[in-house]
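What follows is a set of notes on a single structure, which appears directly below.
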Amino acid sequence: QLQLVESGGGLVQAGGSLRLSCAASGRTFSTYTMGWFRQAPGKEREFVAAISWSGGSQYSIDVVKGRFTISRDNAKNTVYLQMNSLKPEDTAVYYCAASQGVVVTTRPPLYNYWGQGTQVTVSS
């Protein structure tokens, strides 16, 4: 069992930065692939980025490459999403999720645990 709690969301102007954190409870955090997803109003949940259990492999969608960076600290049971050069279209609720699979995946059904989400709003 893994519980995930996101933090770090808020309101920021376009071009600004935010760092999201996702704190996990449970001694097995380091064995999970971790991902970040987002959902904008009226849209489906969208994969943003994921990182392997060791941190050695990361993947992100093209629209955030060069702006968003996913990282993790297994000693702190925490995964991060550093978001720079934010745009209004990045506005969404951001969720972190944990997958027991060993392969980094973009598919929501393959993630076993989800946080409650944190709101990110980017004003123009």
Contacts table for residues 11-23: side-chain donor-acceptor under 3.5 angstrom, sequence neighbours left out:
from  : atom 1 : to    : atom 2 : distance (Å)
Ser17 : OG     : Asn84 : OD1    : 2.9

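By the rule that hydrophobic residues join a cluster once side-chain heavy atoms approach within less than 4.5 Å of another member, Val79 and Leu110 end up as members of separate clusters. Both Val64 and Met83 sit in one connected hydrophobic cluster of ILVMFWY residues. Membership requires side-chain heavy atoms under 4.5 Å apart, directly or through other members.
For the atom pair Gln39 CD and Tyr94 OH, the distance stands at 12.0 Å (nearest 0.5 Å). Separating the CD atom in Glu6 from the SG atom in Cys96 is a distance of 4.0 Å, to the nearest 0.5 Å. To the nearest 0.5 Å, atoms OG (Ser25) and CG (Asn77) are separated by 8.0 Å.
Within the 4.5 Å cutoff, no side-chain heavy atoms of Tyr111 are placed close to those of Tyr95. Side-chain atoms of Gln1 and Tyr113, non-hydrogen and from C-beta on, do get closer than 4.5 Å to each other. Two residues are said to be in side-chain contact when any heavy atoms from C-beta on lie closer than 4.5 Å; Leu81 and Phe68 meet this criterion. Looking at Leu4 and Met34, their side chains come closer than 4.5 Å, going by heavy atoms from C-beta outward.
Here the side chain of Gln58 pairs no donor or acceptor atom with the backbone of Thr69 at under 3.5 angstrom. Checked by atom type and distance alone, the side chain of Ser52 never pairs as donor or acceptor with a backbone atom of Val104 at under 3.5 Å. Within the 3.5 Å criterion, the main-chain N or O of Gly101 finds a donor-acceptor partner in the side chain of Thr33. Side chain of Asp90 to main chain of Val120: no donor-acceptor pair is present (N/O by atom type, distance under 3.5 Å, no hydrogens or angles).
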side-chain contact (heavy atoms from CB on, under 4.5 Å), that's the test. Do Ile51 and Trp36 meet it? Break it down for me.
CA-CA 9 Å; Ile51 188 167; Trp36 284 97; over 6 Å; no
- prompt: After noting the C-alpha distance and the side-chain angles of Tyr32 and Gln100, does the key distance pass the side-chain contact (heavy atoms from CB on, under 4.5 Å) rule?
  reply: CA-CA 5 Å; Tyr32 287 84; Gln100 292 176 318; 3.2 Å; yes
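The minimum heavy-atom distance linking Leu2 with Ala98 is given by the pair CD2-CB, 3.6 Å. Counting all heavy atoms, side chain and backbone alike, Phe47 lies closest to Thr105 at CE1-O, 3.6 Å.
Applying the salt bridge (charged side-chain N to carboxylate O under 4.0 Å, His left out) rule to pairs touching residues 102-124 yields nothing, sequence neighbours excluded.
With sequence neighbours left out, Trp114 forms a ring pair (Phe, Tyr, Trp, His ring centres under 6.0 Å) with Phe37. Scored by the salt bridge (charged side-chain N to carboxylate O under 4.0 Å, His left out) test, Glu46 finds Arg38 as partners (sequence neighbours excluded). Under the rule for a side chain to side chain donor-acceptor pair (under 3.5 Å), the partners of Lys65 that lie at least two apart in sequence or sit in another chain are Asp62. Taking the side-chain contact (heavy atoms from CB on, under 4.5 Å) definition, one finds that Gln119 meets it with Thr91, Val93, Thr121, sequence neighbours left out.
Cation-pi geometry between Arg72 and Phe29 is met: under 6.0 angstrom from the ring centre, within 45 degrees of the axis.
Residue Gln3 places its CD atom among 12 or fewer non-hydrogen atoms of other residues, nucleotides or ligands, all under 6.0 Å distant.
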